[in-house]
Amino acid sequence: MQHVPPPLPPPARPPAQSRYAPQAGEQFRRIWRADEAAFRDHLLRLDPQSRHDRFGFGVSDDFIARYAERCFGMDDVIHGFFVDGVLRGAGELRGLGHGLPLAFGGAAEAAFSVEKDWRGRGIGTELMERIVRAARNRRAGELYMSCLPHNTPMQRIARKFAAVLQHDVDQVDAAFKPLAASPASVWQEMVEDSASFAIAMVDLQKRTWLKDKPAS
């Protein structure tokens, strides 16, 4: 079903005091191609209702595996929430696949998933802030997010960022207008991405070493 996007709001601004303070063993960072297995496994751990909320319909394990393979294109950005090295939440940004690329003012869409035991702690808000910033720094002209009508937590998070919500019978569409990129926002993302890429490479080397280690 085709949905008419809601009108764009004023530029999105993160809510005051929105930064989540990670506890021991917790970490937010960008997810790279080297983290594909962690991303896939996170989505596979979602319970049936959470899968339905994330994708808008019931999906199989094979669907999730194929989906994870396609999530690391040029206009794709994924930020994750890790607990003791295990991915427990993810925020995704991608171009809508038509019109202008993001760098030339194209539109983007956002999607989020947090495993059940880690909800209600502000993790979704932190992931949203990172995705809004990624859209801003890539000069996306518009940012959209869709969720099911009963998914009120995601709707509350969208409102924190001044989104305009349009309610339909089977879907709620949220529209954001990212702020213009600034040197500070670009620099902050660049520093965080460099650190997260290094961590992803170290994790990959550890997994490769453990996989190739002879059984004792």
Side-chain angles (χ1 to χ4, degrees), residues 2-22 27-33 35 39 70-81 89-114 122-147 151 153-167 171-200:
Q2 295 294 321
H3 293 270
V4 178
L8 287 175
R13 297 180 183 277
Q17 305 298 322
S18 65
R19 302 299 290 187
Y20 177 90
Q27 180 185 56
F28 288 92
R29 70 168 175 85
R30 185 170 171 181
I31 300 173
W32 304 89
R33 171 65 75 177
D35 299 304
F39 180 55
R70 302 194 302 267
C71 286
F72 296 90
M74 182 178 64
D75 270 345
D76 297 336
V77 178
I78 308 176
H79 281 270
F81 170 70
E92 307 170 46
L93 173 76
R94 58 181 45 84
L96 283 174
H98 58 81
L100 295 171
L102 292 187
F104 295 93
E109 62 180 348
F112 299 87
S113 54
V114 177
I123 294 165
T125 299
E126 175 67 21
L127 290 171
M128 175 73 83
E129 184 166 343
R130 290 167 179 264
I131 292 305
V132 169
R133 184 188 64 185
R136 172 188 185 185
N137 288 344
R138 284 153 187 78
R139 297 177 172 82
E142 304 164 356
L143 176 62
Y144 297 102
M145 182 190 73
S146 298
C147 66
N151 195 346
M154 282 310 307
Q155 295 166 41
R156 285 197 298 269
I157 292 173
R159 290 191 183 96
K160 291 180 181 180
F161 291 81
V164 168
L165 271 60
Q166 178 173 290
H167 295 259
Q171 183 169 305
V172 177
D173 296 316
F176 306 79
K177 178 67 176 178
L179 290 167
S182 70
S185 68
V186 173
W187 176 255
Q188 181 184 19
E189 184 177 15
M190 185 185 306
V191 170
E192 291 180 3
D193 282 0
S194 297
S196 69
F197 185 77
I199 293 170

message: If you compare all heavy atoms of Ala110 against all heavy atoms of Met145, which two are closest, and at what distance to 0.1 Å?
response: O-CG, 3.5 Å
message: Run the salt bridge (charged side-chain N to carboxylate O under 4.0 Å, His left out) test on Glu189 and Arg138 for me, step by step, so that the C-alpha distance in whole Å, both residues' side-chain angles and the decisive distance to 0.1 Å come before the verdict.
response: CA-CA 11 Å; Glu189 184 177 15; Arg138 284 153 187 78; 2.8 Å; yes
task: Any chance you could lay out the side chain to side chain contact (heavy atoms under 4.5 Å, CB included) test for Val172 and Asn151, step after step, and finish with the verdict?
output: CA-CA 9 Å; Val172 177; Asn151 195 346; over 6 Å; no
field: Main-chain N/O of Trp32 paired to Asp35 side chain as donor or acceptor, under 3.5 Å
entry: yes
message: On a heavy-atom basis, which atom in Ala174 and which in Leu165 lie closest, and how many Å separate them?
response: CB-CD1, 3.9 Å
- prompt: Is Lys177 reaching over with its side chain to a backbone N or O of Gly141, donor-acceptor style, under 3.5 angstrom?
  reply: yes
- prompt: Under a 4.5 Å cut-off applied to non-hydrogen side-chain atoms, are Gln155 and His167 in contact?
  reply: yes
field: Closest non-hydrogen atom pair, Pro178 against Ala140
entry: CG-O, 3.7 Å
field: Gap between atom CD1 of Ile131 and atom CG of Leu143 - 0.5 Å precision
entry: 8.5 Å
query: Distance-only, no hydrogens or angles: does the Arg30 side chain make a donor-acceptor pair with backbone N or O of His79 under 3.5 Å?
result: no
field: Residue list, ring pair (Phe, Tyr, Trp, His ring centres under 6.0 Å) with Phe72, at least two apart or on another chain
entry: none
statement: Looking only at heavy atoms, the pair that brings Ile78 and Ala90 closest together is CG2-CB, 4.2 Å
message: How long is the straight-line distance from CZ of Arg130 back to CE of Met128, given to the nearest 0.5 Å?
response: 14.0 Å
- prompt: Nearest heavy-atom pair of Ala180 and Arg136: which atoms, and what distance?
  reply: O-NE, 2.7 Å
task: First locate atom CZ of Phe81, then atom CD of Gln27, and finally report the distance between them rounded to the nearest 0.5 Å.
output: 10.0 Å
field: N/O donor-acceptor pair under 3.5 Å between Asp76 side chain and Glu92 backbone
entry: no
- prompt: Distance from Phe28 atom CZ to Glu192 atom CD, nearest 0.5 Å?
  reply: 11.0 Å
- line: Heavy atoms of Leu93 and Ala135 approach each other most closely as CD2-N, 3.6 Å
query: What is the ring orientation for Phe161 with Phe176, classed by angle as parallel under 30°, tilted 30 to 60°, or perpendicular over 60°?
result: perpendicular
task: Could you tell me the separation between the CG atom of Leu127 and the CZ atom of Phe112, rounded to the nearest 0.5 Å?
output: 6.5 Å
- prompt: CZ/Arg159 to CD1/Ile157 distance, rounded to the nearest 0.5 angstrom?
  reply: 11.5 Å
